[in-house]
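These notes concern the structure reproduced below.
Letters A, B, ... are given to chains in the order of the sequence lines, protein chains preceding strands, and every chain is numbered from 1.
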Number of protein chains: 2
Amino acid sequence: MLINKSMGIVERKEREREEMRQLILDGAQKLFLANGFEKVSIRNIADAIEYSPATIYLYFKDKNQLLFALHQRGFVKMVGEFLPLQLLADPFEKLVEMGRSYIRFAVENPELFDLMFIMNAPMDTLDKEDWVEGDQAFGLLTRVVQECMDAGIFQKHDVQSTAMMIWSGIHGYTALFLRKRLGMFPECDRELIMDEAFNLFCETLRRGL
Amino acid sequence: MLINKSMGIVERKEREREEMRQLILDGAQKLFLANGFEKVSIRNIADAIEYSPATIYLYFKDKNQLLFALHQRGFVKMVGEFLPLQLLADPFEKLVEMGRSYIRFAVENPELFDLMFIMNAPMDTLDKEDWVEGDQAFGLLTRVVQECMDAGIFQKHDVQSTAMMIWSGIHGYTALFLRKRLGMFPECDRELIMDEAFNLFCETLRRGL
DNA sequence: TTGTTTGATAAACAGTGTTCAGTAAGTTTG
DNA sequence: CAAACTTACTGAACACTGTTTATCAAACAA
């Protein structure tokens, strides 16, 4: 076996394999974002990229693993939207803007958000190392919370619990809204109430934490 | 047509129809709570109650409508757990206990909770009148919030927005926990952090609202 | 050139929600 | 009571789903 020859081939194969993975994910993402998750099957994805359904199983163990790969893409995108906000000087303003960003991300990318925070499917079989993207996003939040404490805006509590509390508060609206659980409010008032509730949450944190 | 005779029969038929509906729902509920939603099919339900799958479609337009009927059962159960708490004298304590109840309900009845607040399916086709159960539960919350305002515990804001904010806060944890989105915390700390975050939320409301 | 590995696939399996023609009882009418 | 009609139910089919496996041709190694 000629080492330099086969090594080149191995590298190319690896590259081609990764390209194929991305091709599948691109096709899947396009379909999911356009038609919603419930209406997209492995066969649809295979058709879209002009391969047989069985081929997809050479690159992803099952549908959940494919969904999880998209879940990771979602986190990359979300963290990308959080990063510019880190430049804001006032830590509390930074926190509020991150909350607003979270909600905006959810409204603009409902399918991705679903995958990241609501759907069961992608979390079914999961290792520790798969959490790096989620960790990164939550890390940004804890850091801002710590800054708020350091600046004396918040009292000093356990940072993790505080961050968790804030995340939950923001996530709550978002999830209820996305899953159409606000039927008790008349359609027209809904956006207003959401907005008021968000502002009230920020105000309450400001005063009470 | 003899009026008194046929009226008796019509009534019996109506009664039998309702009994059949309940029989189907009982079977469905038992299977869903035991195996989770993803693993229960119309055929399973039909087998369990010893009828043909097609029969179920004589009583429910489709699977979503069946799920929505269970969703309503869930609300009846939850409101049933909230009612005794209404006797508590201190409105803030009442609010906190309702929050605790919400979380406990979710942990003890994850499948029902899922149906009530997370799953897409049962909300797909929904009229206004279908919201009575949800309205009732949210009504209990707004009333307690109003009491807190009247007692001077909370500042006077829009009751609806305030109730929405509190609901979201509590719902947030619950949904994230149930959907296994707390992978960034080590397994053993999770319950503790959830508890701390809940207490912190109550404390913050107490001080900041 | 021969032998081996690899990537892709057609076909099948076991399941899903849902519809519909057909049947056998229950009910009403002459 | 017998005939006509109505109703509740079902078997079988339709068009899907995710997933596995035997097969085959092309790429590679000896």
B/Val107 side chain near B/Thr174 side chain, heavy-atom distance below 4.5 Å = no
So, B/Gln86 side chain and B/Phe82 main chain: donor-acceptor pair closer than 3.5 Å or not?
-> yes
Has A/Arg100 got its NZ or CZ under 6.0 Å from the middle of the six-membered ring of A/Phe198, at an angle within 45 degrees of the ring axis?
-> no
Any sub-3.5 Å donor-acceptor pair from B/Arg43's side-chain atoms to B/Ser41's backbone N or O?
-> no
Within 45° cone and under 6.0 Å: A/Arg206 NZ/CZ vs A/Phe92 ring = yes
Electrostatic pair B/Asp26-B/Arg73, nearest N-O below 4.0 angstrom = yes
With A/Glu147, which residues qualify under side chain to side chain donor-acceptor pair (under 3.5 Å), at least two apart?
-> A/Lys94
Whole angstrom value for the distance that separates P of C/dT16 from CD1 of B/Ile56 = 12 Å
Along nucleotides 9-19 of chain D, 5' to 3', which nucleotides get a B, which get an S, and which get a -, given that the test is a protein heavy-atom distance under 4.0 Å?
-> BBB-B---BBB
DNA chain C contacts made by residues 22-32 of chain B, counting heavy atoms under 4.0 Å | none
Write down the distance between CD (B/Glu16) and P (C/dA25), rounded to a whole number of angstrom.
-> 16 Å
Begin with the C-alpha distance, continue with both residues' side-chain angles, and end with the deciding distance and a verdict on ring pair (Phe, Tyr, Trp, His ring centres under 6.0 Å) for A/Phe117 and A/Phe113.
-> CA-CA 6 Å; A/Phe117 298 113; A/Phe113 185 86; 4.9 Å; yes
